[in-house]
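Residue numbering restarts at 1 for every chain, and letters A, B, ... go by the order of the sequence lines.
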2 protein chains.
Amino acid sequence: MSETAPTISADETLEATTLASRTFDSIKADIIDGELAQGTKIVESDLALKYGISRGPLREAIHRLEQIKLIVRIPHAGSRVITLDTRMMEDIYIARESLEGMAARLAARLMPENEIRALSALLDQHEAAIGETEGKAYFQREGDIDFHYRIAVASKNQWILENLNGELYQLIRMCRRQSGQIPTRAQTALDQHRQIAAAIARRDEELAEILMRRHISGAWEIVKKILEDQHD
Amino acid sequence: MSETAPTISADETLEATTLASRTFDSIKADIIDGELAQGTKIVESDLALKYGISRGPLREAIHRLEQIKLIVRIPHAGSRVITLDTRMMEDIYIARESLEGMAARLAARLMPENEIRALSALLDQHEAAIGETEGKAYFQREGDIDFHYRIAVASKNQWILENLNGELYQLIRMCRRQSGQIPTRAQTALDQHRQIAAAIARRDEELAEILMRRHISGAWEIVKKILEDQHD
DNA sequence: CAGACATGAATTGTCAACAATGTTAGCTAA
DNA sequence: TTAGCTAACATTGTTGACAATTCATGTCTG
């Protein structure tokens, strides 16, 4: 088992050295977990009390959340937790498709051989995990994240990496949460991951990009369908 | 002359209602114009004095600049103006290539006929401007921005639009500034713009994306060459 | 009864003082 | 002379009070 990858992180500064930073992480988690429901009005003094800090650092946390687009803010009027409608979710998935497609292309060009082997090993693990009981759904999701994370890293493009692991990653998590998750897709996703990994191993940039884009737009189609069913 | 497009803006809130917001705009401009040189150490109290405000709002402005990646900040240690090396610039251009390629694809799918005609008219203007004296270089740059801006808008993708006009746009401006600008590319760029517009008019998504990506990666190649010559 | 205006309460924006942290220069000792 | 420690300084992080703005309520007028 290759325990190289630190699961996710990159901005989940565990040992956050500043109050604002810690609070930012807390609120972010609360929003993504649905603790703070979408559309909730945010009152600075209330939240400051709740998190046991003063308004200064809390304000900084809110501003950062605004930049990550988890919160919308209107000057002098206050801020609310974002509300994800279908339209917004489509925008996010399309942006991710574009960026992660490019990441796959770059990975095919730049990923070192040993990392490619590690990627392949990771997929073997997933294969095994799927064989076992369905209860491993949680692990599978972690695995999916791991796969995409490694490719983003392999792109060696700082801007793309930061955006995928920062803003877009959080939003995608909210999208998934809202659609209640997809269990049946495990095998399909793994197959697609395999094909992408193969294209990268073959150094076929064009194919790696195309396959990644299909993979993500396919994921969106499913999420979209679930959402449509919910609303009928 | 179609005066529909407000040149740039989108986040250049002219009538910024808050001190922090205005200061944010000011500092941003100062950094891009080179008023605050790259790598400059930023001392909160000094800047607060310089801009005639207290540290509170200034701090907010700095945080926002950090999110836009115009400033790097180390907790408890202070912040500096970003320093763009070739590597970082390449990352930025590649990200832009990816996102704006996707925007062109979406524009080919979604742009209304009348906007397509307006786009064509805009290019006619540029044609005329190029015929005149070279002094119109400034206008040409504005025109280039206009063209790309309209396509980003036509993508109707909020996430892509915000990123292109926010973070990426500022950084690209700094890159261009650093390389001292390219005068000879005017006609080439216009030709490419024409081809892209034609692909969009034909609703050829695939081609629109490919041409836009070539257009941007071509721009990067030139900037890159200039930078390499500078350092030898 | 409807709509506009004024008033006050609630909330955000700004400020200046205080606490905590990082940095640097000078001193001591090996 | 230099490595390591110490203490003073500079700078950032945090706080609570104050000012400005918005929003809601209720009253008054047509």
Side-chain angles (χ1 to χ4, degrees), chain A residues 11-31 35-83, chain B residues 11-31 35-83:
Chain A
D11 71 343
E12 304 233 359
T13 319
L14 273 303
E15 193 60 37
T17 55
T18 183
L19 259 188
S21 204
R22 278 197 293 275
T23 309
F24 168 71
D25 290 340
S26 296
I27 300 180
K28 185 173 66 177
D30 286 351
I31 290 177
E35 190 84 15
L36 266 71
Q38 294 187 20
T40 304
K41 172 95 192 271
I42 285 182
V43 180
E44 295 181 356
S45 36
D46 291 1
L47 270 200
L49 197 69
K50 176 174 175 185
Y51 289 95
I53 60 175
S54 107
R55 273 182 58 216
L58 182 93
R59 230 145 176 283
E60 183 185 328
I62 289 180
H63 294 318
R64 287 172 66 180
L65 288 165
E66 186 198 4
Q67 290 293 328
I68 297 200
K69 298 189 178 57
L70 252 41
I71 280 182
V72 282
R73 202 162 65 98
I74 298 155
H76 292 284
S79 41
R80 318 190 83 92
V81 177
I82 195 180
T83 59
Chain B
D11 70 343
E12 304 232 0
T13 319
L14 274 302
E15 193 59 39
T17 55
T18 182
L19 258 188
S21 206
R22 277 197 293 276
T23 309
F24 168 71
D25 289 342
S26 297
I27 300 180
K28 186 173 67 178
D30 286 351
I31 289 177
E35 190 85 16
L36 266 69
Q38 295 187 20
T40 304
K41 171 100 194 265
I42 286 182
V43 179
E44 294 181 357
S45 37
D46 290 2
L47 270 199
L49 196 70
K50 175 175 175 184
Y51 289 96
I53 60 173
S54 107
R55 275 181 58 214
L58 181 92
R59 228 143 180 286
E60 184 184 328
I62 288 179
H63 294 320
R64 286 172 67 180
L65 288 165
E66 187 199 2
Q67 290 294 326
I68 298 199
K69 296 187 179 58
L70 251 43
I71 281 181
V72 282
R73 201 163 65 98
I74 298 154
H76 292 285
S79 42
R80 319 189 82 93
V81 177
I82 196 180
T83 59

Engineer: Could you list the protein-to-nucleotides 11-18 of chain C atom pairs, N/O on both sides, closer than 3.5 Å?
Structural biologist:
from   : atom 1 : to      : atom 2 : distance (Å)
C:dT12 : OP1    : A:Ile42 : O      : 3.0
C:dT12 : OP2    : A:Glu44 : N      : 3.2
C:dG13 : OP1    : A:Arg73 : NH1    : 3.4
C:dG13 : OP1    : A:His76 : N      : 3.4
C:dG13 : OP2    : A:Arg59 : NH2    : 2.0
C:dG13 : O5'    : A:Arg59 : NH2    : 2.9
C:dG13 : O3'    : B:Thr18 : OG1    : 3.2
C:dG13 : N7     : A:Arg55 : NH2    : 2.8
C:dG13 : O6     : A:Arg55 : NH1    : 3.0
C:dT14 : OP1    : B:Thr18 : OG1    : 3.1
C:dT14 : OP1    : B:Leu19 : N      : 2.4
C:dT14 : OP2    : B:Thr18 : OG1    : 3.0
C:dC15 : OP2    : B:Ser54 : N      : 3.1

Engineer: The criterion is side chain to side chain contact (heavy atoms under 4.5 Å, CB included); which residues satisfy it with A:Arg80, sequence neighbours excluded?
Structural biologist: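 Testing A:Arg80 for side chain to side chain contact (heavy atoms under 4.5 Å, CB included), a comparison that skips the adjacent residues, returns A:Lys41, A:Val72.
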Engineer: Not counting sequence neighbours, which residues clear salt bridge (charged side-chain N to carboxylate O under 4.0 Å, His left out) with B:Glu35? List them please.
Structural biologist: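 In terms of salt bridge (charged side-chain N to carboxylate O under 4.0 Å, His left out), with neighbours along the sequence ignored, B:Glu35 is linked to no residue.
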Engineer: Going by the rule side chain to side chain contact (heavy atoms under 4.5 Å, CB included), which residues pair with B:Thr40 if we only count those two or more places apart in sequence or in a different chain?
Structural biologist: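 Side chain to side chain contact (heavy atoms under 4.5 Å, CB included) check on B:Thr40 returns B:Ala37, B:Val81.
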Engineer: Please report the shortest heavy-atom distance between B:Ala20 and B:Pro57, naming the atom on each side.
Structural biologist: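 Residues B:Ala20 and B:Pro57, closest heavy atoms: CB-O, 3.6 Å.
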Engineer: Show which side-chain atoms of residues 44-51 of chain B pair as donor or acceptor with protein atoms under 3.5 Å away, not counting sequence neighbours.
Structural biologist:
from    : atom 1 : to      : atom 2 : distance (Å)
B:Glu44 : OE1    : B:Arg55 : NE     : 3.0
B:Glu44 : OE1    : B:Arg55 : NH2    : 2.9
B:Glu44 : OE1    : B:Arg59 : NE     : 3.3
B:Glu44 : OE2    : B:Arg59 : NE     : 3.2
B:Tyr51 : OH     : B:Asp30 : OD2    : 2.5

